[in-house]
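Encoded as structure tokens, the structure appears first; notes follow it.
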Amino acid sequence: MTSSSHPETAFRRMAGRAASALLVALAVAPPAAWAASPDVAVTGGRMQVLLPSRPAAGYFTLENRGDTPLALSGASAPDCQSLMLHQSTETGGMARMAMVDSVPVPPHGSIRFSPGGYHLMCMQPTGILLTHKGTEAVTLHFADGGSVSAPFAIQGVGTR
Amino acid sequence: MTGALHRRQALGLLAAALPLSAARADDGGWHDIDVTGTSPSLDFTMMATPDGQTVFQNNYVGYVTMLYFGYTFCPDVCPLTMQNVAAALAKTGKAVKDIRFLFVTVDPKRDTIPVLKAYVGLFGPEFVGLRGDADQLALLTKRFRVAYSVTPSPDPAKYEVIHGSAIYVFDRGLNARLLVPSMATKTPDIDGLAADLVRLVNERPSSWFGWLRGIV
């Protein structure tokens with residue numbers, strides 16, 4: 001009467017709790033494959049598509065919410081034959097575009113890929129990109145092996 | 001004492017006069033850089049969009065014409081430039097029908113007329129693509145001291161093109177009037193370009209009629 005519960009029930013309950021805890025732990029703590037997933041936020045992602053046979057450009061803002069410096073080292077998307085980090089620069093009235101190997105993202109800092117500066121260059125856009133509608137899942141890769149995916153809004157050239 | 005004062009007064013006068021003359025020389029109320037009388041007039045022969053017909057400068061008499069050098073594998077700076085120009089054109093009202101933008105490819109090997117047509121067509125009906133042969137392109141770029149370089153590669157990702165970023169603006173008599181340093185900056189002066197274009201369209205036509213008489 002004084003015993004609050006049957007020992008067997010108590011054991012079951014404990015086992016149940018342990019299982020729940022394990023499930024929670026699995027859900028919260030990323031599995032090994034995600035271990036390097038960085039604490040980042042990608043916002044304002046968009047792909048500007050010009051012509052099927054010509055490169056498209058990707059723009060976004062990447063925020064490093066963690067305490068360690070990150071280096072963005074590459075990108076990929078299902079509808080780009082290749083997706084490279086590029087930078088437009090202008091010196092002495094000359095416009096130049098060059099591939100960059102990596103872009104540092106300081107801890108608690110952010111970088112912006114925007115027209116006239118850093119951009120993703122999508123070679124040979126295909127698929128949904130050519131519809132100028134919807135979103136493209138772009139994955140950003142980091143030098144430490146981590147990566148993050150984000151939807152990029154697909155758009156054509158925006159004029160008047 | 002009086003000599004020093006005189007000198008100071010003279011310096012003061014000089015200082016007062018300098019900004020005025022400087023303002024007159026490089027301003028004139030224009031938002032872009034006034035190059036009137038210091039840059040050559042428009043002069044070229046090339047194939048043009050939409051059909052590859054041969055055009056030359058006289059096709060643009062009566063238009064305020066912008067001249068820009070780029071290439072269609074350019075996904076960032078060239079579209080940014082032309083989007084901003086299109087935004088300026090949208091603010092020119094009725095004047096827009098008298099304005100043209102000439103996009104001269106510095107990469108004629110890859111930029112065929114059909115590709116150029118599709119590319120410039122993205123930005124509006126005022127945009128014309130021009131494709132010259134090596135000599136025609138060299139003549140035009142040398143005339144305006146536009147530097148460019150094309151480093152071909154079988155890998156399109158490594159095919160490098162460097163090109164001038166300025167836009168030259170010609171009046172209706174084909175005289176070079178303004179230089180727009182770059183429309184591909186973070187703070188392009190779109191309203192300023194629109195105002196300059198409208199002002200050029202509205203200039204009294206005597207000068208270009210005079211020019212027309214000169215060529216007839």
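Proteins come first, then strands; the chains are lettered A, B, ... in the order of their sequence lines, and each starts at number 1.
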Contact listing (chain A partner; residues 105-114 of chain B; heavy atom under 4.5 Å)
B:Arg110, B:Asp111
For the interface with chain A, which of B:Ala147, B:Ala166, B:Gly70 has the highest count of heavy-atom pairs at distances below 4.5 Å?
B:Ala147
Go through the atoms of B:Val146 and report whether side chain, backbone, both or neither lie under 4.5 Å from a heavy atom of chain A.
neither
Cut-off 4.5 Å, heavy atoms of chain A, and the answer for B:Tyr148 is backbone
Select one option (side chain, backbone, both, neither) describing which atoms of B:Tyr71 are under 4.5 Å from chain A's heavy atoms.
side chain
Is any side-chain heavy atom of B:Tyr168 closer than 4.5 Å to a side-chain heavy atom of B:Met66?
no
Under 4.5 Å to a heavy atom of chain A? For B:Lys186 that would be side chain
Do B:Val104 and B:Tyr68 make a side-chain contact, defined as non-hydrogen atoms from C-beta onward lying under 4.5 Å apart?
no
Centroid-centroid distance, B:Phe103 to B:Phe127, less than 6.0 Å
no
Just checking heavy atoms, which of residues 72-79 of chain B are less than 4.5 Å from chain A?
B:Thr72, B:Phe73, B:Cys74, B:Pro75, B:Asp76, B:Val77, B:Pro79
Using the ring-ring contact (aromatic ring centres under 6.0 Å, His included) definition, which of the options B:Phe69, B:Phe44, B:Phe170 pairs with B:Phe144?
B:Phe170
With B:Tyr60, which residues qualify under ring pair (Phe, Tyr, Trp, His ring centres under 6.0 Å), at least two apart?
none
Write out, in numerical order, the residues from residues 99-112 of chain A with a heavy atom short of 4.5 Å from a heavy atom in chain B.
A:Met99
Side chain to side chain, B:Thr65 and B:Leu42, heavy atoms closer than 4.5 Å
yes
